[in-house]
Amino acid sequence: MKTLKNLIYAVALLITSSCNNNPFVVTDNYVVYSEDEYGNGYYLVCKLGCDHDARIEYVKSIEWSKKYLFVQQEKPNQNSQWYIIKAKGNELLCCGRDSLIGPFTVQEVNEYKSNNKITNLKQKQF
């Protein structure tokens, strides 16, 4: 009986872990989801789902603060490129209230951070 109970627990754990597509919440309004239905790796979207907002696929890493998102995109067989999402006000809001600029090289992103004195960013690799 104990073996059957352990087997049921193991199967339930396997099912729930393999179906886990919990988003990684970056800010109050932006999330990163694991691979989409087209196999495009991790992707960043506005969690409110507003039209014309950024959707960046093949997300490799992300750095962020309340006002900036720096998103590294790495498509198969291509060089890595970066995008910057910048709040028009004091914090990121999405739904057309932020600016998406890029693509940039890593050197251009580092220069942008330096020129704008952007430090103390949180980071996440995917």
Side-chain angles (χ1 to χ4, degrees):
M1 185 68 167
K2 189 174 183 177
T3 305
L4 181 60
K5 204 183 271 188
N6 287 342
L7 179 62
I8 291 170
Y9 178 76
V11 170
L13 184 62
L14 180 64
I15 290 170
T16 57
S17 65
S18 65
C19 297
N20 189 5
N21 190 16
N22 293 330
F24 175 77
V25 178
V26 181
T27 67
D28 288 342
N29 296 302
Y30 287 95
V31 294
V32 175
Y33 287 97
S34 60
E35 189 169 289
D36 66 12
E37 64 272 17
Y38 304 107
N40 294 336
Y42 289 89
Y43 61 100
L44 172 87
V45 293
C46 168
K47 74 179 182 184
L48 301 175
C50 299
D51 291 339
H52 308 297
D53 273 335
R55 176 186 169 102
I56 301 174
E57 297 179 339
Y58 300 104
V59 173
K60 177 74 174 174
S61 70
I62 188 165
E63 299 175 21
W64 72 95
S65 67
K66 289 180 84 172
K67 192 169 181 167
Y68 294 96
L69 290 173
F70 296 91
V71 183
Q72 180 186 17
Q73 181 185 61
E74 197 169 275
K75 292 181 180 178
N77 304 316
Q78 292 185 15
N79 290 333
S80 183
Q81 54 189 13
W82 288 78
Y83 290 89
I84 301 170
I85 299 175
K86 180 182 182 251
K88 291 180 182 174
N90 291 328
E91 64 182 85
L92 294 161
L93 298 171
C94 75
C95 291
R97 296 177 281 184
D98 300 324
S99 300
L100 172 68
I101 53 176
F104 296 105
T105 65
V106 69
Q107 293 84 6
E108 291 168 325
V109 166
N110 289 335
E111 185 177 310
Y112 184 93
K113 290 178 196 174
S114 177
N115 290 343
N116 291 284
K117 298 178 176 57
I118 301 169
T119 59
N120 300 324
L121 296 169
K122 297 175 187 172
Q123 301 177 355
K124 172 77 174 162
Q125 299 281 328
F126 298 97

Could you pull out the closest heavy-atom pair between [X] and [Y], with the gap in Å?
X    : Y    : result
E108 : P103 : OE1-O, 4.5 Å
K67  : G89  : CE-O, 3.3 Å
S80  : Q72  : OG-NE2, 2.8 Å

Output the distance between atom [atom1] ([X]) and atom [atom2] ([Y]), rounded to the nearest 0.5 Å.
X    : Y    : atom1 : atom2 : result
L92  : L69  : CG    : CG    : 5.0 Å
K66  : E91  : NZ    : CD    : 5.0 Å
W82  : E63  : CH2   : CD    : 4.5 Å
K122 : W64  : NZ    : CH2   : 6.5 Å
N116 : K86  : CG    : NZ    : 7.0 Å
Y42  : Q125 : OH    : CD    : 11.5 Å

Is it true that [X] and [Y] fall in one hydrophobic cluster, defined by side-chain heavy atoms closer than 4.5 Å?
X    : Y    : result
V32  : I85  : yes
Y58  : V71  : no
V25  : Y43  : yes
L100 : V26  : yes
L121 : I101 : yes

Would C95 and C46 count as a disulfide bond (SG atoms under 2.5 Å apart) here? Give the steps. CA-CA 7 Å; C95 291; C46 168; 4.2 Å; no
Just so I know, are the side chains of Q123 and S61 near enough to count as touching, which here means a heavy-atom distance under 4.5 Å?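 Side chain of Q123 against side chain of S61, heavy atoms only: no contact under 4.5 Å found.
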Lys NZ or Arg CZ of K124 over F126 ring: under 6.0 Å, within 45°: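 Flagged: K124 positioned over aromatic ring of F126.
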So with a 6.0 Å cut-off around CG of N79, is the heavy-atom count from everything else above 12?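 No, not enclosed.
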Using side-chain contact (heavy atoms from CB on, under 4.5 Å) as the criterion, point out the one residue from L48, D98, V45, I56 that pairs with Y30.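 Exactly one pass, corresponding to D98.
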Out of T27, V31, D53, which residue meets the side-chain contact (heavy atoms from CB on, under 4.5 Å) rule with K47?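 Going through T27, V31, D53 one by one, the side-chain contact (heavy atoms from CB on, under 4.5 Å) with K47 is satisfied by V31 alone.
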Over 60° means perpendicular and under 30° means parallel, so tell me whether Y112 and Y68 are parallel, tilted or perpendicular.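 Y112 and Y68: perpendicular rings.
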